[in-house]
Amino acid sequence: MIDVKTADRELQFYIRPQTFPVAIRMLRPGEPIPDKARRPARDFKKLSMNCQVIDMARRYGWMIALTREDHLCSLGIAALGFEKPTHLHNSGTLCEGMYTETKAAGQRSEAAVDKFAPGEFATLLVAPLDRTTFEPHLVCIYANPAQVMRLTQAALWKRGGKLTSSFGGRIDCSEIIVTTMRTDQPQVILPCSGDRIFGQTQDHEMAFTIPWGQMEEMIEGLKGTHDGGIRYPITQFMEYEAKLPPKYLEANRIWEVEHGRSQFTNRDRVVAAYRRSFADRVPAYPIVASFAGTLDGLSIEEYCTNVPRAITAMMNYFERYQPDVVLAYNDLAKEAEAFGCRVKYSDYVVPSIDQHVLHDDKAKLARLAIPDPYKTARLPGFLEQCEALVKAKPPTAIGAVAVGPWTIAMLLRNPETMLLDTFEDPQFIHDLMRVTTDFCKLWGDAIVKTGIGLSFSEPTASISLISPDNYRDFVAPYHKALVDYFKAKKVGVTTHICGTTYPIYEDLIQCGFSTVSFDLDQQGDPKLYVDQLKRFMDVAKGRVVAIGNVDATKFEKTSKEAMVADVRRCIDAAARQSAFILSTSCEIPPRSEPEIVKWFMDAAREYGRYDRLFDGAEGAVAAPDR
């Protein structure tokens, strides 16, 4: 027969419980109590309970004897047979209102509690197993669920099958002692409320009991299952590749690039900005439309009307400059043209509207047909451009520039006339904005269907043209409706507004735009001039991606020194916060100087390196050409 010290040593080796395994013996009337056993009433001058003395044995290492004279808990007294259950027990009264709804349910719960016969035993004797001087009836081990699982596995090593235990959520001292001794079978114990409150059993703890006569079999089971690979602490499977936070992997990617084992694509840089992270450098691109056509020898009108040649021109532009973003973008007049306005082309400036369909007669609005994106005017050709860019799969981010509802409305009515409408006939403006916003939803759906990114340009929403209150009254509600419409489809929306915009930055953010592209402040007084990029970064604080704002007018004529300085201004103002894409303040002129575009991209690639920004490595931009 195994001895208590060996049993304790084996349990400690295989199970590693946090507290001592407890040896438990029930002494019959007249059976002597060991001299060294503590008695609560005598030694502590306090009455105690079954769960309390078991807890003292497992935590303090004390041997304690609990008799009726030491006992306080009427539930534990009746369970151990120290007294006959009262009518309060038998009627379910002690359960009612606490554990059961009714006395009848309480009677059933009381009847389910295993009890010794009154007078069968006189003393509960407990002690830590390795210090026990008596032969226990059973051993109780408090453990976590994984340790209880190991004990269950060990109990079934020889016999197989399943253990059967029952749980009542109350009077677990009955299940620990009475049930184990009555069944002579190991028991899984769910500690009750009293055990947790008065016995200090913790939330993570369960218990397991082993009849002493089965201890050798239990130890054999622990050894057998241990040798079979079932162990505690539980062996964790570690031969896997972890899925780390994406930003951790981005750092690994930078090392791969530095060591020449990988490279960042143009698109990677843009994606990093939207993730509020960093690739190798600031993503950069100039806003380009007709300039791509003039590079290929096209007139502005040819670029805007000859779809196949426009597609070729844009791809040739990409191959030449390798920007990080390529746009499907021809002009800002095509939407108004689709409503019936007339477009005027020039050899030097972007197309404009010279006949406004609603200029002379507001009543025409009621008869105005919504253009069909797939059939009307130049809209199908623009969709063809979008599809061609997506099909070409350049390693860049790709986006389409459509016109927003406010600018379409202004072009339909005439900007000057519509400004008068803001105070003469505001209801007409709202009626018109509902029409143009509905069109923008239809038009945006067709663009998004091609697989390209979506941007609505609103040059006439500038605070250089309308007041902040005009924007909030006549534009913002429709911008928000448009953005919400696409946000519900999981499509982010970019906007570009020309001129001064800083007074409405928070309004734009509240509209929900994922990206805001902006111009330079147009105030003439240098004392009032605002660096709009710096102001936007201060206001947005990463909530929205910023695009901007190297002076687009410099692309026709400037020095290399001046271009580099403007690039550096933007990078210094915004790049350290991420959520930033370096670009131009507006579309660069159709007749921009190709060499100046190269200066812009070269300065962005060199000065925009994040190792320079964060590690102090100064950019080695080439000496300026004057």
Q) Are the aromatic ring centres of F518 and Y505 under 6.0 angstrom apart? A) yes
**Q.** Counterpart residues, ring pair (Phe, Tyr, Trp, His ring centres under 6.0 Å), relative to Y610 (two or more places apart)
**A.** F278
(Q) As an exercise, state the distance from CG of D421 to CG of L419, rounded to the nearest 0.5 Å. (A) 8.5 Å
**Q.** Polar side-chain atom of S457 near backbone of V403 as donor-acceptor pair, under 3.5 Å
**A.** no
Q: Give a yes or no on whether the ring-centroid distance for H479 and F513 is below 6.0 angstrom.
A: yes
Q) How about L432 and M418: do any of their side-chain heavy atoms sit closer than 4.5 Å? A) yes
(Q) Can you confirm whether R605 is buried at CZ, in the sense that more than 12 heavy atoms of other residues, nucleotides or ligands lie under 6.0 Å from that atom? (A) yes
Q | Check ion pair D531-R569 (N to O, under 4.0 angstrom) | A | yes
**Q.** CD (E256) with more than 12 external heavy atoms under 6.0 Å
**A.** yes
Q: Decide side-chain contact (heavy atoms from CB on, under 4.5 Å) for Y285 and L582; before the verdict, give the C-alpha distance in whole Å, the side-chain angles of both, and the deciding distance to 0.1 Å.
A: CA-CA 7 Å; Y285 76 104; L582 177 69; over 6 Å; no
Q) Between E387 and T450, does any side-chain donor sit less than 3.5 Å from a side-chain acceptor? A) no
Q: Apply side chain to side chain donor-acceptor pair (under 3.5 Å) to Q532 and N549, showing your working.
A: CA-CA 8 Å; Q532 295 206 127; N549 68 341; over 6 Å; no
Q) Hey, are the side chains of T422 and P426 touching, using non-hydrogen atoms and a 4.5 Å cut-off? A) no
(Q) With heavy-atom distances below 4.5 Å as the criterion, would you say the side chains of L508 and V544 are in contact? (A) no
Q. Is D507 paired with R472 through a side-chain N to carboxylate O contact shorter than 4.0 Å?
A. yes
Q.
What I'd like to find out is whether the side chain of P371 reaches to under 4.5 Å of the side chain of L379, using heavy atoms alone.
A. yes
Q: Test D551 against every option in T584, I588, L520, D519 by the side chain to side chain contact (heavy atoms under 4.5 Å, CB included) rule and name the one that passes.
A: L520
(Q) Does D203, at its CG atom, have more than 12 non-hydrogen atoms belonging to other residues, nucleotides or ligands within less than 6.0 Å? (A) no
Q) Going by heavy atoms in the side chains, are V435 and I370 under 4.5 Å from each other? A) yes
(Q) Check this for me: Y529, atom OH, are more than 12 non-hydrogen atoms of other residues, nucleotides or ligands nearer than 6.0 Å? (A) yes
Q. Is the NZ or CZ atom of R535 positioned over Y502's six-membered ring, under 6.0 angstrom from the centre and within 45° of the axis?
A. yes
Q: Assess the side chains of T407 and T460: does a donor N or O sit below 3.5 Å from an acceptor N or O?
A: yes
Q) Hey, does L389 have a side-chain heavy atom less than 4.5 Å from the side chain of V326? A) yes
Q. Heavy atoms, side chains only, cut-off 4.5 Å: are F600 and V550 in contact?
A. yes
Q: Assess whether ring-ring contact (aromatic ring centres under 6.0 Å, His included) is satisfied between F339 and F439, documenting all intermediate values.
A: CA-CA 10 Å; F339 274 97; F439 166 72; 5.2 Å; yes
Q: Would you mind checking if K541 and D538 are paired as a salt bridge, meaning a charged N to carboxylate O distance below 4.0 Å?
A: no
Q) Is the number of heavy atoms from other residues, nucleotides or ligands under 6.0 Å of R275 CZ greater than 12? A) no
Q. In terms of heavy-atom contacts, does CD of E506 have more than 12 from other residues, nucleotides or ligands at under 6.0 Å?
A. yes
Q.
Please determine whether a side-chain nitrogen of the Lys or Arg among R281 and D611 lies less than 4.0 Å from a carboxylate oxygen of the Asp or Glu.
A. no
Q) Parallel, tilted or perpendicular: which fits the ring planes of F382 and W443, with parallel below 30° and perpendicular above 60°? A) tilted
Q: Give a yes or no on whether K441 atom NZ has more than 12 heavy-atom contacts from other residues, nucleotides or ligands under 6.0 Å away.
A: yes
Q.
With salt bridge (Lys or Arg N to Asp or Glu O under 4.0 Å) as the test, pick out the partner of D280 among R269, R609, R253.
A. R269
**Q.** Cation-aromatic face contact K598/Y321, 6.0 Å, 45 degrees
**A.** no
